*Asks:* 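I'd like to ask some things about the structure below.
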Amino acid sequence: MGRAAEMLGVTPAFLRSLDTARLIVPQRSSGGHRRYSRYQLRLAQRARDLVDEGTALEAACRIIILEDQLAEAQRLNARLRQDRSARETPRPPD
């Protein structure tokens with residue numbers, strides 16, 4: 001956790017607060033140490049940026065969750081459009 005906090009320029013308490021808010025739930029090593037994925041570190045950085053801009057932590061977490069859900073919906077929508085387009089494309093006769 002200390003290394004992750006150092007990389008992001010935050011305190012370990014800030015990272016714990018993201019865990020408490022359930023924005024990021026790190027894996028645990030066998031010794032009980034928190035282990036963050038790169039994706040979780042990106043979320044933590046986004047939270048830090050929002051908090052630095054004056055957004056309350058709880059609101060920042062909600063914003064990030066909604067942004068993530070929107071991005072996933074857009075990926076799914078693009079894939080569905082691509083699948084539909086592939087089905088509608090006329091195929092040459094055999």
Side-chain angles (χ1 to χ4, degrees):
M1 173 185 282
R3 176 81 174 115
E6 182 181 310
M7 288 172 45
L8 297 172
V10 299
T11 64
F14 180 79
L15 290 177
R16 281 191 296 275
S17 69
L18 297 179
D19 190 358
T20 300
R22 311 289 294 166
L23 178 64
I24 55 175
V25 180
Q27 297 293 316
R28 296 285 183 148
S29 70
S30 59
H33 299 282
R34 289 176 174 88
R35 294 188 174 258
Y36 297 95
S37 69
R38 287 187 174 133
Y39 174 72
Q40 289 172 326
L41 292 175
R42 283 194 304 271
L43 292 179
Q45 181 63 55
R46 178 72 176 125
R48 178 183 179 244
D49 293 344
L50 288 168
V51 169
D52 286 351
E53 292 171 6
T55 306
L57 181 64
E58 184 176 305
C61 292
R62 185 68 181 139
I63 289 167
I64 293 165
I65 289 167
L66 290 171
E67 288 174 340
D68 199 49
Q69 289 173 345
L70 175 60
E72 180 61 25
Q74 289 172 329
R75 281 189 294 273
L76 178 60
N77 193 10
R79 193 178 87 222
L80 291 172
R81 282 185 183 161
Q82 193 174 38
D83 291 348
R84 184 178 66 189
S85 177
R87 283 192 315 268
E88 293 174 355
T89 303
R91 297 175 194 230
D94 290 332

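Keep in mind it's a predicted model, so treat the numbers as computed, not measured.
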*Asks:* Tell me, yes or no, whether the heavy-atom count around Arg28 atom CZ, taken from other residues, nucleotides or ligands under 6.0 Å, exceeds 12.
*Replies:*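 Buried by this count: over 12 neighbours within 6.0 Å.
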*Asks:* Take atom CZ in Arg81; do more than 12 heavy atoms of anything else shown fall under 6.0 Å from it?
*Replies:* no
*Asks:* Could you state the interatomic distance from CG (Leu23) to CD1 (Ile63), rounded to the nearest 0.5 Å?
*Replies:* 11.5 Å
*Asks:* Kindly indicate whether the side chain of Ile24, heavy atoms from C-beta on, has any atom under 4.5 Å from the side chain of Leu41.
*Replies:*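 They are not in contact (no side-chain heavy atoms under 4.5 Å apart), so the answer is no.
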*Asks:* If I compare all heavy atoms of Ala47 with all of Ala60, which pair ends up nearest, and what's the gap?
*Replies:* O-CB, 4.4 Å
*Asks:* Would you mind telling me which of Val10, Leu43, Leu15 makes a side chain to side chain contact (heavy atoms under 4.5 Å, CB included) with Arg48?
*Replies:* Val10
*Asks:* Would you give the length of the straight line joining atom CD of Gln27 to atom OG of Ser37, rounded to the nearest 0.5 angstrom?
*Replies:* 8.5 Å
*Asks:* Where do Arg35 and Gln40 come nearest, in terms of heavy atoms and distance?
*Replies:*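 Taking every non-hydrogen atom into account, O-OE1, 3.9 Å.
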*Asks:* In the structure I gave you, are the side-chain heavy atoms of Tyr39 and Asp68 within less than 4.5 Å of one another anywhere?
*Replies:*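 Yes, side chains in contact.
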*Asks:* Can you confirm whether Glu67 is buried at CD, in the sense that more than 12 heavy atoms of other residues, nucleotides or ligands lie under 6.0 Å from that atom?
*Replies:* yes
*Asks:* Would a hydrophobic clustering, with Ile, Leu, Val, Met, Phe, Trp and Tyr connected at side-chain separations under 4.5 Å, put Val25 with Phe14?
*Replies:* no
*Asks:* If I take atom CD1 from residue Ile64 and atom CD from residue Gln45, how far apart are they, to the nearest 0.5 angstrom?
*Replies:*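 Separation between the atoms: 10.0 Å.
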*Asks:* State the CZ-CG distance between Arg34 and Leu18, to the nearest 0.5 angstrom.
*Replies:* 10.5 Å
*Asks:* What's the shortest heavy-atom distance between Ala5 and Pro12, and which atoms?
*Replies:* CB-N, 3.8 Å
*Asks:* Between Thr20 and Arg16 (side chain of the first, backbone of the second, donor and acceptor by atom type, cut-off under 3.5 Å), is there such a pair?
*Replies:*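 Yes; judged by distance alone, with no hydrogens or angles, the pair exists.
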*Asks:* Before giving the answer on side chain to side chain contact (heavy atoms under 4.5 Å, CB included), spell out for Gln69 and Glu72 the whole-Å C-alpha distance, their side-chain angles and the decisive distance to 0.1 Å.
*Replies:* CA-CA 5 Å; Gln69 289 173 345; Glu72 180 61 25; 5.8 Å; no
*Asks:* Answer yes or no: is there a donor N or O on one side and an acceptor on the other, between the side chain of Ser29 and the main chain of His33, under 3.5 Å?
*Replies:*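 Confirmed, Ser29 side chain pairs with His33 backbone.
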